[in-house]
Number of protein chains: 2
Amino acid sequence: MTAKGKPVAATPLAPPLDQRKAFILATIVYEYVATAEPVGSQTLTQKYNLGVSSATIRNEMAELEAGGYLVQPHTSAGRIPSDAGYRTYVDRLMQPESLSSEEAKRIRDEYRAASRELDGVIEQTTRLVGELAHNVAFMIAPSRETQTFRHIQLIWLAERTGLAVLVTSLGVALQTHFEHSESVTADDLTRLSNRLNASFGGRTMRELGDVEVIAVVRAAGFGDDLARAVESAFRSAARSPEPIVASSGTQHLLDQPEFQDLRKLRSILRIIEEQKTLYDLVADSINDAGPTVRIGHELGSDEITECSVVTVPYRFSDQTVGVLAIMGPRRMPYARLMALAGGTAQSLNKLFDESERR
Amino acid sequence: MTAKGKPVAATPLAPPLDQRKAFILATIVYEYVATAEPVGSQTLTQKYNLGVSSATIRNEMAELEAGGYLVQPHTSAGRIPSDAGYRTYVDRLMQPESLSSEEAKRIRDEYRAASRELDGVIEQTTRLVGELAHNVAFMIAPSRETQTFRHIQLIWLAERTGLAVLVTSLGVALQTHFEHSESVTADDLTRLSNRLNASFGGRTMRELGDVEVIAVVRAAGFGDDLARAVESAFRSAARSPEPIVASSGTQHLLDQPEFQDLRKLRSILRIIEEQKTLYDLVADSINDAGPTVRIGHELGSDEITECSVVTVPYRFSDQTVGVLAIMGPRRMPYARLMALAGGTAQSLNKLFDESERR
DNA sequence: TTTAGCAGTCATGAGTCAGGAGTGCCAAGT
DNA sequence: ACTTGGCACTCCTGACTCATGACTGCTAAA
């Protein structure tokens with residue numbers, strides 16, 4: 001078992017790939033991604049003109065297998081890429097793609113009509129990406145900690161209950177009900193809100209946990225009970241809940257030949273529904289620079305060695321706040337999905353930047 | 001194809017069931033639900049002491065089949081219940097169950113720690129029910145129309161943008177951003193909020209669509225542009241979005257022998273992910289009095305004739321606002337799931353009632 | 001009306017077999 | 001030193017057969 005997240009080296013003494021081997025490996029990956037069938041030497045010579053005979057290919061393939069780049073499901077079958085084979089392909093061999101103009105347009109259009117509620121954007125994005133990727137898409141939503149405090153408004157609901165609405169830099173409104181034993185008016189709460197805003201405006205949500213709310217409430221002339229209630233409302237809004245993960249596109253898994261086996265399918269579906277594992281899987285990726293791929297065992301989880309995940313962090317105001325991920329079988333069109341993930345993340349960044357300027 | 005939602009009559013001239021036939025039918029349903037295997041005459045005489053020989057059972061079973069209550073997958077197999085067989089079982093034969101005290105406790109405990117956010121409650125409920133039912137659970141969330149307006153607060157965010165937070169009787173806060181060209185202060189917005197609250201307090205959300213917001217804003221001394229912005233914020237908060245449907249427990253489907261077939265599984269998963277069909281499926285049930293069952297073809301959709309759905313409406317303040325549903329194969333423990341649905345709905349009702357009193 | 005017995009049906013799983021795709025290796029060719 | 005044609009070998013796949021067993025319907029006797 002390799003260390004979590006470490007790309008798998010082909011083998012301890014992996015021979016460097018000469019140009020022909022590299023081309024053969026790349027072609028095998030390409031063909032296998034397209035057909036889902038182990039690739040044989042004849043197929044290769046027939047469909048791609050390599051200029052050499054199938055026997056030569058066979059020799060090369062045997063060496064690639066010895067080097068750890070290919071595996072053979074059984075003796076009389078063709079070869080399929082190993083994790084290391086895919087890794088080499090992704091890192092050094094594949095032609096990076098960019099989004100087709102139709103797809104780029106589709107994404108732009110989608111965000112043009114986007115709701116301005118963060119939850120809506122998250123859900124819309126996973127749906128869109130799941131559909132375009134024909135795979136499972138999921139996202140880690142911005143944790144509250146990364147957002148900054150913009151505004152709080154205490155709303156008078158009844159004699160002894162109120163609602164605290166806290167607006168963050170991403171335009172998210174967090175709501176917390178609170179109860180207290182003091183009798184206050186709506187005006188009191190407004191006055192108090194103004195005080196809190198003046199005191200804490202611009203802080204990050206993280207800092208908000210350490211802030212002396214009680215003192216401010218008291219200074220505004222209110223009693224301890226209300227102070228405690230408001231403080232706890234503050235804290236519970238500032239506290240990061242379990243990171244929200246939306247997912248979409250599970251039905252595409254059923255189309256993949258590798259998941260015709262119900263046992264495999266079940267374990268994947270369970271992981272998706274549980275969310276926790278999903279989160280752990282991609283949480284690291286939040287510090288990546290752009291689209292990144294984790295292949296099979298690199299995911300560090302024995303349950304989903306059949307899968308690969310493309311992740312891309314998305315930013316808001318120069319700070320990375322979340323991750324968009326596409327999960328599918330290892331046999332996935334890496335270049336395309338990386339382009340899709342990258343493009344979507346960019347659109348998302350732009351959307352957030354615009355929403356900040358407002 | 002029968003009319004949507006109409007229980008299927010056994011056959012045009014369904015013979016009435018004498019006591020023995022009724023018992024045999026009930027036993028077959030019971031056995032089939034437990035084993036998922038077609039039930040033969042010998043199994044019946046061996047496992048349940050019917051006091052007659054298997055030959056007699058065979059005769060009775062042949063008559064039950066002629067009456068439309070049973071079907072035979074193939075000539076040399078046992079019998080399984082037809083939709084009509086299940087229907088008769090549910091309506092007249094089965095012993096109603098009630099929740100085991102552990103389960104009742106489990107549900108109560110779950111809600112004791114329930115968050116007060118509506119979304120959280122919905123999600124928590126589907127998760128709980130999906131798990132206890134070992135089937136798919138989903139819910140139609142309260143449509144906004146059924147809630148009443150309790151409070152609005154316009155929050156000043158920047159010179160020309162604001163956030164309208166609208167609190168409903170269920171304690172839900174709906175947020176809408178708005179933009180305008182007038183220069184207003186936070187105080188202005190507070191003043192305006194108070195006006196709006198005074199004017200519209202207590203109205204149902206449905207009525208809010210027809211309300212003369214513009215006039216009120218103008219009467220408060222603000223310009224047309226702000227009036228229009230506030231009105232549109234009002235409307236978009238009041239407008240029912242697509243009803244939110246949370247679902248949970250899809251992985252249980254994989255355990256059911258009837259969904260080992262990938263084609264069937266795919267179509268079910270698609271329906272669950274689409275949500276729209278799911279909504280149509282149970283929307284009618286909002287007017288039911290208690291737990292209700294739809295069996296196979298009764299669902300009115302050709303795609304899920306393999307499924308049954310147990311639904312129960314849940315109330316808030318004497319008005320039915322949503323539906324809780326459990327979906328699974330027709331071969332489901334109806335009595336148990338109806339008890340589970342009913343019990344959960346009751347706890348939910350109580351939770352809402354309490355939240356109103358606060 | 002019930003029951004025992006019996007012939008008939010049919011899904012299921014094991015076993016067999018031919019076909020074919022693909023390999024590895026060797027020896028000859030360039 | 002590569003490359004290539006050829007050939008023997010492996011092993012998956014799908015079709016086919018066949019015995020087994022679960023179950024039925026029917027008949028005739030109780």
Side-chain angles (χ1 to χ4, degrees), chain A residues 15-25 27-29 31-32 34-82 85 257-258 260-261, chain B residues 15-25 27-29 31-32 34-82 85 257-258 260-261:
Chain A
L17 297 180
D18 61 46
Q19 203 170 355
R20 190 169 68 186
K21 280 202 183 58
F23 185 72
I24 291 175
L25 175 56
T27 312
I28 289 175
V29 171
E31 176 72 8
Y32 182 61
T35 64
E37 298 286 333
V39 183
S41 55
Q42 246 185 90
T43 319
L44 231 45
T45 47
Q46 276 165 12
K47 293 181 76 165
Y48 308 85
N49 64 336
L50 308 205
V52 289
S53 79
S54 66
T56 309
I57 304 292
R58 275 202 291 284
N59 292 333
E60 295 284 48
M61 278 163 61
E63 286 182 47
L64 281 168
E65 184 172 358
Y69 299 100
L70 297 177
V71 294
Q72 217 175 353
H74 56 84
T75 332
S76 69
R79 306 302 211 288
I80 63 178
S82 66
E258 29 272 277
Q260 301 304 78
D261 181 356
Chain B
L17 297 179
D18 60 47
Q19 203 170 355
R20 191 170 67 187
K21 279 203 183 58
F23 185 72
I24 291 175
L25 175 55
T27 312
I28 289 175
V29 171
E31 176 74 9
Y32 182 61
T35 65
E37 298 287 333
V39 183
S41 55
Q42 244 184 90
T43 320
L44 232 45
T45 48
Q46 276 165 12
K47 294 181 73 166
Y48 306 86
N49 63 335
L50 308 204
V52 290
S53 80
S54 65
T56 310
I57 304 292
R58 276 202 292 283
N59 292 333
E60 295 284 48
M61 279 163 62
E63 286 182 47
L64 281 169
E65 183 172 0
Y69 299 101
L70 296 177
V71 294
Q72 217 174 354
H74 57 87
T75 332
S76 70
R79 306 301 211 290
I80 64 178
S82 66
E258 28 273 276
Q260 300 305 79
D261 180 357

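Bear in mind that the values here come from a model prediction, so they are computed numbers and not experimental data. We name chains A, B, ... by the order of the sequence lines, and we start the count at 1 in each one.
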Nucleotide D/dA22, atom P - distance to CD of B/Q46 in whole Å: 10 Å
What nucleotide, of C/dC6, C/dG24, C/dT23, holds the atom closest to the side chain of A/S41? C/dT23
Hey, does the side-chain of B/R58 have a donor or acceptor N/O within less than 3.5 Å of a partner on the base of C/dG5? yes
Of all heavy-atom pairs between B/M61 and B/V39, which one has the smallest distance, and what is that distance? CE-O, 3.6 Å
Taking the minimum atom-to-atom distance to the side chain of B/S53, which one of C/dA4, C/dG24, D/dT24 wins? C/dA4
Does D/dA22 have OP1 or OP2 under 4.0 Å away from a side-chain N or O of B/R79? no
Is the closest side-chain heavy-atom distance between B/I80 and B/L70 below 4.5 Å? no
When you match B/H74 and A/P38 each to their closest nucleotide on DNA chain C, which lands nearer the 5' end? B/H74
Quick one: does A/V52's side chain get under 4.5 Å of A/E60's, heavy atoms only? no
Specify the separation, in whole Å, of atom OH of A/Y32 and atom C1' of C/dG22. 16 Å
I want to check something: taking the side chain as every heavy atom from C-beta on, are A/L50 and A/I24 in contact at a cut-off of under 4.5 Å? yes
Looking at the side chain of B/A55, which of C/dG22, D/dT24, C/dT3 is the nearest nucleotide? C/dT3
From C/dG24, D/dG25, D/dG5, pick the nucleotide closest to the side chain of B/E65? D/dG25
May I have the distance from B/Q42 (atom CD) to D/dG21 (atom C1'), rounded to whole angstrom? 11 Å
How close or far is atom P of C/dA21 from atom CG of A/L44, stated in whole angstroms? 16 Å
Output the rounded distance in Å from CD (A/Q19) to P (D/dC2). 16 Å
Could you tell me how far apart A/M61 (CE) and C/dA21 (P) are, to the nearest whole angstrom? 15 Å
On the side chain of B/S76, is there an atom forming a donor-acceptor pair with the base of D/dC23 - under 3.5 Å, no angle test? no
So which one's nearest nucleotide on DNA chain C is more toward 5', B/T75 or B/R20? B/R20
Testing D/dT3, D/dT24, C/dG24 for proximity to the side chain of B/Q72, the answer is D/dT24
Checking the side chain of B/T35 only, and the main-chain atoms of B/E31 only, is there a donor and an acceptor separated by less than 3.5 Å? yes
Round to the nearest Å and state the distance from B/L64 atom CG to D/dT24 atom P. 12 Å
Name the closest nucleotide to the B/N59 side chain, picking from C/dT3, C/dT9, C/dC6. C/dT3
Starting at atom CG of A/L70, determine the distance to atom C1' of C/dG22, rounded to an integer number of angstrom. 14 Å
Report yes if a side-chain nitrogen or oxygen of A/T43 is closer than 4.0 Å to either non-bridging phosphate oxygen (OP1 or OP2) of C/dG22; otherwise report no. yes
Does a side-chain N or O of A/T56 approach OP1 or OP2 of D/dC2 to a distance below 4.0 Å, or not? no
Are any non-hydrogen side-chain atoms of A/P81 and A/Y69 less than 4.5 angstrom apart? no
